Number of protein chains: 2
Amino acid sequence: MATEPRLTRAADPNGRSVSVKDVAAAAGVSLGTVSNVLNRPEKVLPATRDHVLAVIDDLGFVRNDAARQLRAGTNRAVGMIVLDVRNPFFTDVAQGVEERLGEHRRPLILGNSGQDARRESTYLDLFEEQRVSGLLITPVGQVLPRLRRLRDRGTAVVVVDRRAGTREFSSIAVDDKRGGRIGAQHLIDTGRRRIAFVGGPKGLSQVKHRLQGAQEVVDATVGAQLTFVETPTMDAVAGRRAADQLVALGKRSRPDAIFAANDLIALGVLQALTFAGVRVPDDVAIMGYDDIDFAASAAIPLSSVRQPREQLGRVAADTLLDVIADPGAKVRDVVLEPELVVRRSTVG
Amino acid sequence: MATEPRLTRAADPNGRSVSVKDVAAAAGVSLGTVSNVLNRPEKVLPATRDHVLAVIDDLGFVRNDAARQLRAGTNRAVGMIVLDVRNPFFTDVAQGVEERLGEHRRPLILGNSGQDARRESTYLDLFEEQRVSGLLITPVGQVLPRLRRLRDRGTAVVVVDRRAGTREFSSIAVDDKRGGRIGAQHLIDTGRRRIAFVGGPKGLSQVKHRLQGAQEVVDATVGAQLTFVETPTMDAVAGRRAADQLVALGKRSRPDAIFAANDLIALGVLQALTFAGVRVPDDVAIMGYDDIDFAASAAIPLSSVRQPREQLGRVAADTLLDVIADPGAKVRDVVLEPELVVRRSTVG
DNA sequence: CTGAAAGCGCTTACAG
DNA sequence: CTGAAAGCGCTTACAG
């Protein structure tokens, strides 16, 4: 690459960075005027403004946000803590959030708890120390006291992908119990009776409710039974391990359908079953959950319970923006509806 | 959920948040002592320290990071800008980075350019204003001047997934030209001669080099030809559209192999071909790139050029930490090797 | 519209 | 080891 001329000098020889003071001096105006150009340009004469802007550009001045924040007392950024960034479900939700926030010129800082309460706590510390204006969180651990403290400190809090379980915070969720029912009912309707529900940990609200929904349907069906295979995480590896366990039960006692708590698990299950020579769906049907894009392109396209991912993200962002604008806004408890998507993994 | 007792009061009735001053007053020590407990606990008598810590906990004090940063002049956080957060390749790399940084108690702030130079620029603004201690970036636009300015301001910069193209910055890349060669050679070796390379935009370094590598192999093979189908993005939708175009050429003039610039495109191509009744690999072979986890679980498992994703992330993080520790550290130009992974999409 | 002054909440020498 | 004082770089009234 050709060497380009040094257009800027963002730091003087001492490495000290250019400050508003330097800009003011170079432009021959006062410090307050520079700040006005930055924050309320309409209050400055066009000629002055353009001149200051030119100097800013020339010196390579970039405002120190820590100083701005300390004085102004506001941080425009929004923090988001997701359960697993490697799960496309969450990046799709985050995408929806980012879009909406971007329209309001608010940066999104993404944190990944990886379903680990300690990492979740570390991100809460970070966001609390940073005094972010808003927080979107899909909780893992017992974070209610932390969320209350954040709120008391002025941070807007919205719970994503599960209900808040309290009237104190708005939440945007999808009806997991209903999703569990829909998925299980489809398996029953297609003749399955011995269903294994794979997912976990069971302390996770989403897993618990999906399982409950499935249980209800099975309980209402004579001759049907549901077993729960708990996994430590919700990824393909966990799915493969659980499937291996089920295959080891032998042809007679293994289930005739597996309902996975999410698609990543379902994809792992599918791989393990195929590897073990179990035919899908002939021998064992597989139902996924989320309907991530990869579900449709799987070796045996996955039937799944679709969650409106982008909508979840957009509504969450909108709700958060409302709370930021008015902390006293009415608490919302939005519950979106899941939808059955039938593909080859359940119907040959 | 049961109502829990309010254990903390992070803000007084005015909403003003608890400061070190309040802690000092409540603990009956001076302000400097509180700061010492926070930053150099070993310099404070254990009894005093424990007492102050108890008060901190009691009052729900959380340090204001903006103030800390302004005074201390350091921000422990590291920023990372990826091309596409919805591409598992990048979340896998980010995972590797996050692991390493976590060991050093440094938070990772993830930004998504979505292959858009304007969004990339917005994140650069954010990270520059925040004075992050380090930046990991897979560039889209012409960011060299910006990177220089960040470096001059004291931010460590490391380029990820492509070479820096200058000796000014360390970079961790995978040999894309070699990857292009490996993939194309395999297609040639399995008898393909009319290869379409699908990806884009061609301004993207990775695409350019992979294409160059493929071109070299094709040029060295009598009777072989390579066409380039440029796409605006690198996702499944782009792959489907490109494949539709190729299918429309008719049986006689369509390619007998498609080399996709990444696996998402390859998965899209696979879907469109299957939908159009084109047999894979009998009629058309498909070669992907990256070897994301989903490549192996595709309808027709994808052959792919594997990139060492986690390693890329770990080495990038390590290099960045080195530059943060010593800005004068020798510039590294690490190039990792890609590896061919053969599956059914190229060999029936 | 412009300019001088105060102060946001910390950390860091520095004196005791 | 502890405490009083200065100052990081901004923004915000406030007076001119």
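None of these values were measured; they are calculated from a predicted model. Proteins come first, then strands; the chains are lettered A, B, ... in the order of their sequence lines, and each starts at number 1.
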With respect to the side chain of [X], which nucleotide from [options] is positioned closest?
X       : options               : value
B:Thr33 : C:dG3, C:dC10, D:dG3  : D:dG3
B:Ala72 : D:dT2, C:dT12, D:dC10 : C:dT12
B:Arg68 : C:dC10, C:dA4, D:dC1  : C:dC10
A:Val29 : D:dT2, D:dT11, C:dG3  : C:dG3

Min side-chain heavy-atom separation B:Arg162-B:Val159 under 4.5 Å: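 Yes, at least one pair of side-chain atoms sits under 4.5 Å.
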Touch class at under 4.0 angstrom, heavy-atom based, for B:Leu70 against every strand present: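 Since a base atom lies under 4.0 Å of B:Leu70, the category is base.
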Touch class at under 4.0 angstrom, heavy-atom based, for A:Asp65 against every strand present: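 Nothing, no heavy atom under 4.0 Å.
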Interatomic spacing from CD1 in A:Ile172 to OG1 in A:Thr138 - rounded to 0.5 Å: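 Interatomic distance, A:Ile172 CD1 to A:Thr138 OG1, rounded to 0.5 Å: 11.0 Å.
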Whole angstrom value for the distance that separates [atom2] of [N] from [atom1] of [X]:
X       : N      : atom1 : atom2 : result
A:Asn36 : D:dT11 : CG    : P     : 9 Å
A:Leu31 : D:dC8  : CG    : P     : 12 Å
B:Leu38 : C:dT12 : CG    : P     : 11 Å

Assigned partner base of D:dA4, Watson-Crick or wobble definition, under 3.5 Å: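 When the pairing criteria are applied, nothing turns out to pair with D:dA4, so the answer is none.
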Counterpart base for D:dA13, defined by Watson-Crick or G-U wobble contacts under 3.5 Å: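 Pairing partner, where one exists within any strand: none, as none qualifies.
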Toward the 5' end of DNA chain D, by each residue's nearest nucleotide, B:Arg131 or B:Ser30: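 Its nearest nucleotide being more 5', the pick is B:Ser30.
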